[in-house]
Amino acid sequence: MRICQNPNCSNPFNADGNKFCTTCGYSSFGDLLRNRFRVVRLLGEGGFSRTYYAEDVDRLDGSCVIKQFVPQVQGTAARAKAAQLFKEEAFRLYELGENHPSIPRLLAYFEQGASLYLVQEFIEGETLHKEIQHSSYNEAKIRHLLTDILPVLDFVHSRNVIHRDIKPENIIRRHSDSKLVLIDFGGAKQITQTSLARQATVIYTVGYASSEQMAGFACHASDLYSLGVTCIRLLTQCLPYQDAYGNINDPIYDAINAQWKWREFVKAKNITISEQLGYILDKLLKHVVRERYQSAVEVLQDLNNNNFKSFFGMTTIPQLESAQVTTQPLSQRAIPRIQSKESTIYPVFHTFDFDVVTLDKQGTEIERTRANARFFTEDLGSGIFLEMVSIPGGNYMMGSIDGEGDADERPQHNVQIEPICIGKYPVTQAQWRAVSTLPKVNLSLNPHPSKFKGANRPVENISWHEAQEFCARLEQKTGRKYRLPSEAEWEYACRAGTTTPFHFGESITPDFANCGSSDTTKIFEFETKTKFRKETTPVGSFEVANSFGLYDMHGQVWEWCADPWHNNYIGAPNDGSVWEWDGDRNRRVLRGGSWSFSPVLCRSASRSWNESDGGLRICGFRVVVSL
């Protein structure tokens, strides 16, 4: 293939025999794109792009795939939107492919002429769409598919990405190790706390997409639905097809009654399938999102659960002949495991990565490391989620040494903390608003108490009693015992194993924390100049956490703790519990400082208080749950 050398050519690819470029008429040709990639042949073409097989001369002619942005849309705004989607795909490929072996790696992203290009790893293998054209699928192959792809989906979802186009064409069996690889993230969507509440760009493949995705509201469960459809199409070898009049025909889906007929086809083909797998597929295919699996981990747990086998007394059912199996699939029957209290109380954990920064006394960054932590997500409704990070138990020295901080931070004493889950961020205004609509337990809640408006900003102007009501409503909704942290738990969570004044080290700067200003605030033998933002900022906006994976522990808003106020730590408990006795129960502890307080008051050990029925603009909170 010849490459047009006109720098402004929008489509430089030409057949070998061309004397003039078919796009711009230019007569100068070369063999390489961007002086690096030798384009060999066209692989495919879609609405936004063309895909080419190529060789990377900088990597010893290693195989690669070039995706060229060629939007088939009209209008400047539509083209700009398509270009943005293409660029987002590159960012997603880079983040995902670098961190998972079953996702192609991004090798390059560049602009040349009037076109955008991304270059990704070429996966030597065959798509499952081609595979079923010459081989059939049985239960063992479906289990292999689920075992390979579900961990990939769990990884993708843990990065808050929805693939939105799971189908046989986008799963390749790699020749080198027979592992399945998930490709084509062109339609994938990055989700945030606020984007889930908005209707998204509608991207899907007919015959694989769930109803909520076709309406523009894709979620993690939408990918699981598409995976379920992929499984039954492989089992039955029934794919949707378009007739001569453009109508879509689907042999295994009754669109009028919104029912999948895959069991009838399995029976007709004499395919043996266990009731366990049948149950899993039926649940993946549920039309109502809340009745479907909510995470890939849940599917894997059922897939590997021996309780199913003991419940049915066998591993496989020879034939699906009984009327009961046909008219009442297992997904509609009561299974002891599903009824257990444990399955409704204990959440499914995922992992996330984050940056941890260390600063010296002058506030200069001296180290940046990458760490990870476990978390689970609580669905608050209306597309709003609460992320709870698991932190390990341990011992630490609570309070300040002599010469640091105030007298109320002493005596320093050893405290044992049990494992807990704590909010990744302070409670946001969106989360507060979602919980304020839940049934009242003791108090009415104002859904819009904050001065500095923003769905992803921390809620402020909250009293201690209102924070307790938030926890009570959350417990009533979830069945988990949400509460405010004890003062000892809060400091342990903030320090995250450090003994310095801040989890960053000896200092903080406005580049890493939202705190107030003091033009010459002397902190531990150095002076710092602090930009005074005079308001809260969106949670996590500094993009650095402590070693536990917690954000905004210094500054932002003072955070309520459960404890009554005590003037010092004489007689304080050493087990991390709330110090209920002898304190002033009308005043409750605040921790962490705020946007309006100087850095010295944002230290890990710094303490303050407020009237429990007061709600100054500086007061917010984060929640804790013990599992």
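Since the model is a prediction, treat every value here as computed from it, not as a measurement.
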### Message
Using ring centroids (six-membered ring only for Trp), state whether F512 and F542 fall under 6.0 Å.
### Response
no
### Message
Under the side chain to side chain donor-acceptor pair (under 3.5 Å) test against R483, which residue among Q468, E489, E475 passes?
### Response
E489
### Message
Can you confirm whether the side chains of E559 and W490 place a donor and an acceptor under 3.5 Å from each other?
### Response
yes
### Query
For residues H350 and D154, is any side-chain donor paired with an opposing acceptor at under 3.5 Å?
yes
### Query
Have T537 and Q556 got a donor and an acceptor in their side chains that come within less than 3.5 Å?
yes
### Task
Under the ring pair (Phe, Tyr, Trp, His ring centres under 6.0 Å) rule, collect the residues that match up with Y482, sequence neighbours excluded.
none
## Note on the structure
Taken to the nearest 0.5 Å, the spacing of D552 CG from S594 OG works out to 12.5 Å
### Query
Is a side-chain donor or acceptor of N546 paired with a backbone partner of A493 at a separation under 3.5 angstrom?
yes
### Query
Taking atom types as modelled, is there a side-chain donor on D223 or H157 under 3.5 Å from an acceptor on the other?
yes
### W558 ring center within less than 6.0 Å of F597 ring center
yes
#### Entry: Worked check of ring-ring contact (aromatic ring centres under 6.0 Å, His included) between W595 and F452
CA-CA 11 Å; W595 55 267; F452 305 118; 5.1 Å; yes
### Pairwise side chain to side chain donor-acceptor pair (under 3.5 Å) hits with a residue in residues 365-376, at least two apart
D355-R368, D355-R370, E365-R368
### Query
Is any side-chain N of the basic residue among D406 and R607 closer than 4.0 Å to the acidic one's carboxylate O?
no
### F375 six-ring centre to K424 NZ/CZ under 6.0 Å and within 45° of normal
yes
### Task
Using distance alone, with no hydrogens and no angle criterion, decide if S400 and Q412 have a side-chain donor and acceptor under 3.5 Å apart.
no
### Message
With no hydrogens and no angle check, just 3.5 Å: does a side-chain donor-acceptor pair link T364 and Q362?
### Response
no
